[in-house]
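Have a look at the structure below, then the notes.
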Protein chains: 2
Amino acid sequence: MDESTESGGHAVTRTALLEAAADVFADVGFQNATIREICQKAGANVAAVNYHFRDKEGLYSEVLRVQGRLAQSRFPSNAGLADDAPAEQRLEVFIRSFLQRVLSEEIANRHGRMMAREMVEPTAALDQLVRQIIQPQANQLHEIVGSLLPAGTPPETVRLHSLSIVGQILFYAHCRPVLSRLEPRSAYDFIELDQLTQHITRFSLAALRDSSPTPTRRRTASSSRRPISR
Amino acid sequence: MDESTESGGHAVTRTALLEAAADVFADVGFQNATIREICQKAGANVAAVNYHFRDKEGLYSEVLRVQGRLAQSRFPSNAGLADDAPAEQRLEVFIRSFLQRVLSEEIANRHGRMMAREMVEPTAALDQLVRQIIQPQANQLHEIVGSLLPAGTPPETVRLHSLSIVGQILFYAHCRPVLSRLEPRSAYDFIELDQLTQHITRFSLAALRDSSPTPTRRRTASSSRRPISR
DNA sequence: GTCAGTTTTAAACAGATGTTTGAAATGTCA
DNA sequence: TGACATTTCAAACATCTGTTTAAAACTGAC
């Protein structure tokens with residue numbers, strides 16, 4: 001009953017389920033995925049999921065685990081760049097591999113799409129994901145951004161700048177449906193990785209270079225200074 | 001049977017349904033919302049939705065319509081700013097009201113949250129939304145960004161820069177679950193509108209000022225030049 | 001070949017959910 | 001008031017979906 005370690009033993013059905021489930025979950029998300037569709041794709045009986053993974057959620061979190069490891073080896077964050085490479089270069093590499101992880105729809109990349117969904121409509125698995133995958137990447141980006149900003153920049157400012165970079169990247173993952181409707185015949189549908197990487201890198205580097213003192217409170221036009229209510 | 005124009009006649013149930021539905025749809029999205037919960041909140045019978053709006057989707061699109069008009073008057077995009085105000089100022093106002101529309105969780109703002117959901121997990125209503133709401137805003141932003149970039153900047157570059165700005169904004173709307181988990185005790189949960197507006201405005205203005213020639217193709221480190229497959 | 005353990009299977013179960021129905025209630029207007 | 005249309009209601013209907021069950025099929029060691 002302990003399946004926690006995929007302990008060899010040709011569990012062909014189990015593997016087929018993981019494979020099919022990855023496809024379906026990445027395509028339609030946890031909620032909209034049906035066990036029946038997954039089992040059909042896997043050529044298995046409806047009861048197979050419950051037998052091998054306890055329940056739908058067990059299958060989901062296992063898929064997340066497996067695909068996570070897969071993605072990590074497929075698109076390593078540092079992309080084989082030396083740790084002492086110039087920060088500008090490390091930023092570009094970080095942005096490129098992030099874009100690949102999240103945007104690429106090749107078969108290898110169901111993880112990115114699952115992550116994108118998990119960010120917007122979280123399941124119970126998000127906590128684990130944040131700890132194991134998102135947090136380390138955030139730290140890495142903070143380190144890069146920190147070394148691109150003047151020494152002594154407060155951590156909060158570093159964080160805000162990092163988030164501005166991540167936001168630009170994730171936008172293309174989250175809002176693709178809107179983009180393709182905005183300008184159907186434009187290049188939106190057919191984004192080239194290099195072009196996008198270069199734009200976001202340049203845009204962000206320019207912003208970082210020009211980082212004015214620190215955005216501590218300054219009154220501006222028509223500002224109402226009210227917190228965004230929760 | 002033609003309810004297309006809300007033709008007076010004190011249809012109290014109809015109104016209550018629209019009100020309750022706006023709450024529920026904004027909270028949990030179209031899929032996860034149940035007619036039974038909406039009707040209970042509205043103090044109406046389960047059949048009421050089908051009677052007044054044909055079906056669940058009819059109710060949804062009507063809610064979207066009504067809330068759209070409401071939001072437009074609540075958070076006007078130009079925020080009462082003169083059309084000939086300096087572009088820098090127009091950008092700041094644009095960013096602030098966008099943030100308000102999308103992030104604010106006050107009662108008035110169910111539309112922003114519905115839009116955010118619609119962008120990530122579209123329903124049939126997205127086409128209409130893009131045409132009526134998103135497209136005009138995109139044009140407005142393009143105009144602002146265009147006038148901040150050197151004359152003669154190709155439209156594609158203007159678009160990329162605009163998207164970088166929108167991405168920063170929407171990030172906070174879409175990824176809040178992740179943010180609050182990343183640093184639970186930090187200011188993530190309690191974002192102040194002014195601080196955020198100022199950061200994104202400065203970040204973007206700096207990037208726009210420094211807009212290098214045009215990011216037309218240049219080979220960089222470890223670049224693989226492969227399009228992001230669809 | 002037998003037998004214990006594992007895996008698969010068809011069927012049914014249980015609950016949720018959008019929708020329909022036909023009667024009852026309510027409102028409108030002459 | 002009485003006749004007609006509109007609106008509400010409880011109940012049932014039809015699907016869909018995750019899960020369980022108990023029997024059957026399979027596997028591998030002896």
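Numbers restart at 1 for each chain; the letters A, B, ... are given by sequence-line order, proteins then strands. Because the structure is predicted, anything quoted here is derived from the model rather than measured. Side chains are part of it too, since the values below use all heavy atoms of this structure and drop only hydrogens, waters and symmetry mates.
Listed candidates were C:dT19, C:dA12, D:dT8. Nearest to the side chain of A:R36 is C:dA12. Here the side chain of A:A47 is nearest to one of C:dG18, D:dT20, C:dT8, namely D:dT20. Taking the side chain of B:T13 as heavy atoms from C-beta on, and the options D:dT8, D:dT20, D:dT17, the nearest nucleotide is D:dT8. Of the listed nucleotides (C:dG18, D:dG18, C:dT6), C:dG18 has the atom at the smallest distance from the side chain of B:K56. Nearest nucleotide to the A:V46 side chain, out of D:dG18, D:dA10, D:dT19: D:dT19.
Contact check, B:H52 against D:dT8: a side-chain N or O comes under 4.0 Å of OP1 or OP2. Residue A:N45 places no side-chain N or O under 4.0 Å from the OP1 or OP2 atom of C:dT7.
Between A:R117 and B:E121, at least one side-chain nitrogen of the basic residue sits less than 4.0 Å from a carboxylate oxygen of the acidic one, meeting the salt-bridge criterion. Salt-bridge annotation for A:R96 and A:D194: present, with a side-chain N of the basic residue lying under 4.0 Å from a carboxylate O of the acidic one. Salt bridge annotation for A:R65-A:E62: present, with a cationic side-chain nitrogen under 4.0 angstrom from a carboxylate oxygen.
Taking atom CD1 on B:I38 and atom P on C:dT19, their separation rounds to 11 Å, with Å as the unit. Atom-to-atom, CG of B:D55 to P of D:dT15 comes out at 17 Å; the value is rounded to the nearest Å. Taking atom CD1 of A:I35 as the reference point, atom P of D:dT19 lies 5 Å away to the nearest angstrom. The separation between B:N50 atom CG and C:dG18 atom P is 9 Å, rounded to whole Å. Following rounding to the nearest Å, A:N32 (CG) and D:dT17 (C1') show an atom-to-atom distance of 12 Å. Here C:dA10 presents its P atom at 13 Å from CD of A:Q40, a figure rounded to the nearest Å. We find that CD of A:Q31 is positioned 9 Å from P of D:dG18, with the value rounded to whole Å. The nearest whole Å value for the distance from the CG atom in A:L59 to the P atom in D:dT17 is 16 Å.
Between A:Q137 and A:F98 there is a side-chain heavy-atom pair separated by less than 4.5 Å.
Closest heavy-atom contact between B:F203 and A:A207: O-CB, 3.2 Å.
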